[in-house]
Asks: 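Below is the structure I would like to discuss, written out as structure tokens.
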Amino acid sequence: MKNVPTLDIRRYDSDRAAFVAELGAAYREFGFCCISGHGIARELVDGAYDAFRRFFALPTETKMKYHVPGSGGARGYTPFKVETAKDSKHPDLKEFWHVGREIPRDSKFADVMAPNLWPAEVPEFHRYGYGLFEALDQLGTRVLRALALHIGLPEHYFGDKTGQGNSILRPIHYPPITDEHVPNVRAGAHEDINFITLLVGASAEGLEVLTREGEWLPITTEGDAIVVNIGDMLQRLSNHVYPSTTHRVVNPQNANARKPRYSVPYFLHPNPDVVLDPLPQCVTPDNPRRYDTSITSHEYLQQRLREIKLI
């Protein structure tokens, strides 16, 4: 049985060529890789999870103060059974919160990147939530350097294309499943919209990836490893050299189904005005150009949010 590999990102500095080759091979095969040795403090991760749990434990009417109808859930709180995987009959069994990038309010992107909301009831939410946002943003930037080198681009190629990205930290709460006949899975089979996704710690099993052979492969991490996967925007930009792989969160077939599950993905996005045309380095006779219309990352995001019923 094949497994998604775990690679130590410190090797980028000590054993660069081999690390880049192994990372690139993992993404070409699975669209997923687990990254260890990233240096994100356990205290930051644990503190963030604790603050997020305390927020989700608040009464519904308190949480709904932070729901912004019509915003696509871009900031603040989104209640249960709103998001629906594309082509799925059932909404996902989850509630979530969105933390976005803090940008100057006179930025050219201010009209598409709203200010953050912070729950007054959990004062630590702001410090830990934005601390984790920044730590994962920096780690994602490091992963993108290796991905750029793998396809023959300069190391820092993606830096100025993601530095003002409309990225999102999404604390998620999947409630305990009490009815064994529930038709919904916790998160339906889907691909991510963004550039890359970093998933730090999941408190129960359930994440599964669809392999090229059409089999669902469970992903479990060890130690401090963070799951990092390719999203549809990078798949498009790389002309499918880096595939955006279908994945889902299934209901555990054991006592863990009756426990809540918490998960904190970080969706790293390019700047809103980045055009997602296939890179010339990724167009070859064996892999001809797959897209002939241009679209910016913001236009692409809006299109996809409509598909998953968020706007």
Side-chain angles (χ1 to χ4, degrees), residues 1-46 48-49 131-163 165 167 169 192 194-202 205 207-209 211-212 217-231 233-235 237-245 247 263-270 279 281-282 287:
M1 178 89 170
K2 292 193 297 191
N3 270 319
V4 173
T6 297
L7 299 176
D8 188 325
I9 198 163
R10 289 171 295 194
R11 290 177 53 220
Y12 183 76
D13 297 317
S14 62
D15 187 19
R16 181 163 300 180
F19 176 80
V20 167
E22 288 171 40
L23 189 80
Y27 281 118
R28 285 172 183 254
E29 172 70 25
F30 296 107
F32 273 74
C33 187
C34 302
I35 301 292
S36 65
H38 47 71
I40 295 176
R42 171 52 57 192
E43 186 270 336
L44 175 60
V45 175
D46 290 348
Y49 265 91
L132 192 56
F133 180 106
E134 292 187 308
L136 291 170
D137 193 48
Q138 289 160 14
L139 177 59
T141 298
R142 292 165 68 194
V143 172
L144 286 172
R145 287 176 194 155
L147 289 177
L149 290 175
H150 182 69
I151 52 176
L153 293 166
E155 176 187 11
H156 295 283
Y157 179 82
F158 293 116
D160 63 351
K161 296 164 187 66
T162 57
S167 301
L169 184 77
D192 291 345
N194 45 293
F195 227 49
I196 58 173
T197 302
L198 297 89
L199 178 67
V200 55
E205 74 274 30
L207 178 63
E208 296 186 343
V209 174
T211 65
R212 290 175 187 266
L217 177 67
I219 290 198
T220 49
T221 56
E222 292 178 12
D224 69 347
I226 288 176
V227 179
V228 185
N229 64 280
I230 306 294
M233 291 185 188
L234 186 54
Q235 171 176 266
L237 195 73
S238 70
N239 204 38
H240 291 233
V241 169
Y242 293 132
S244 175
T245 305
H247 54 286
S263 167
V264 184
Y266 177 73
F267 301 112
L268 190 149
H269 281 256
L279 295 160
Q281 290 82 354
C282 298
N287 186 29

Asks: To the nearest 0.5 angstrom, please state how far the CZ atom of R11 sits from the OG atom of S36.
Replies: 9.5 Å
Asks: Ring centroid separation for F195 and F158, is it under 6.0 angstrom?
Replies: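 For F195 and F158, the ring centres are under 6.0 Å apart.
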Asks: Below 4.5 Å, heavy atoms only, C-beta onward: do N229 and V209 meet side chain to side chain?
Replies: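 SC-SC contact between N229 and V209 ruled out.
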Asks: Please check if the side chain of N3 supplies one atom and the backbone of P5 the other of a donor-acceptor pair under 3.5 Å.
Replies: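 Not at all, since once roles are kept as given, no pair shorter than 3.5 Å links the two residues.
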Asks: Taking the side chain from R28 and the backbone from V241, do they hold a donor-acceptor pair closer than 3.5 Å?
Replies: no
Asks: Check for a donor-acceptor pair, side chain of T6 on one end and backbone N or O of I35 on the other, with a separation under 3.5 Å.
Replies: no
Asks: Are any non-hydrogen side-chain atoms of V143 and L268 less than 4.5 angstrom apart?
Replies: no
Asks: Do you know which two heavy atoms are closest between C33 and V4, and how far apart they sit?
Replies: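 Nearest pair, atom of C33 first, then V4: CA-CG1, 3.7 Å.
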Asks: Do the side-chain N and O atoms of E155 and Y12 include a donor-acceptor pair separated by under 3.5 angstrom?
Replies: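 Yes, because at least one side-chain N or O of E155 sits under 3.5 Å from a partner of the opposite role on Y12.
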Asks: Where do L279 and N239 land on the side-chain contact (heavy atoms from CB on, under 4.5 Å) test, with the steps shown first?
Replies: CA-CA 7 Å; L279 295 160; N239 204 38; over 6 Å; no
Asks: Could you check whether any side-chain N or O of Y266 sits under 3.5 Å from a backbone N or O of G140, counting only pairs where one atom can act as donor and the other as acceptor?
Replies: no
Asks: Considering only heavy atoms from C-beta outward, does the side chain of H150 approach that of L23 to under 4.5 Å?
Replies: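 H150 does not reach L23 side chain to side chain.
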Asks: On the six-membered ring of F19, is R16 placed so that its NZ or CZ lies under 6.0 angstrom from the centre and within 45° of the ring axis?
Replies: no
Asks: Return the CG to NE2 distance between L198 and H38, rounded to the nearest 0.5 Å.
Replies: 9.5 Å
Asks: So which heavy atom on I9 is nearest to which on G37, and how close?
Replies: CG2-O, 3.6 Å
Asks: Side-chain contact test, heavy atoms from C-beta onward, threshold under 4.5 Å: evaluate it for F32 versus V227 and give yes or no.
Replies: yes
Asks: Within the side chain of N287, is there an N or O that forms a donor-acceptor pair under 3.5 Å with the backbone of C282?
Replies: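 Here the side-chain-to-backbone pair exists.
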Asks: Is H247 close to I219 at the side-chain level, that is, under 4.5 Å between some pair of heavy atoms?
Replies: no
Asks: Under a 3.5 Å distance rule, please check whether H156 uses its side chain to pair with a backbone N or O of P154 as donor and acceptor.
Replies: no
Asks: Is a side-chain N or O of T162 found less than 3.5 angstrom from the main chain of P270, in a donor-acceptor match?
Replies: no
Asks: Might you point out which heavy atoms bring F267 and N194 nearest each other, and give the distance in Å?
Replies: CD2-OD1, 3.3 Å
Asks: My understanding is that only residues two or more places apart in sequence, or in another chain, count here; which of them pass side chain to side chain donor-acceptor pair (under 3.5 Å) with R10?
Replies: D8
Asks: Could you state the interatomic distance from OH (Y27) to CG (L234), rounded to the nearest 0.5 Å?
Replies: 9.5 Å
Asks: Is there side-chain contact between I230 and T245, with at least one heavy-atom pair below 4.5 Å?
Replies: no
Asks: About how many Å separate CG of L44 and CD of E134, when rounded to the nearest 0.5 Å?
Replies: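 One finds 10.0 Å between CD of E134 and CG of L44.
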Asks: About how many Å separate CD1 of I40 and CG of D224, when rounded to the nearest 0.5 Å?
Replies: 8.5 Å
Asks: When rounded to the nearest 0.5 angstrom, what distance separates CE in M233 from CD1 in I196?
Replies: 13.0 Å
Asks: So do L217 and F30 actually touch side chain to side chain, heavy atoms under 4.5 Å?
Replies: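 Yes, side chains in contact.
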Asks: Could you tell me which non-hydrogen atom of S167 sits nearest to which non-hydrogen atom of F133, and how far apart they are?
Replies: O-CE1, 3.5 Å
Asks: Find out whether L199 and S263 are in side-chain contact, i.e. whether some heavy atom of one side chain is under 4.5 Å from a heavy atom of the other.
Replies: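 Answer yes - side chains close enough.
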Asks: Of all heavy-atom pairs between P265 and T197, which one has the smallest distance, and what is that distance?
Replies: CB-CG2, 4.0 Å
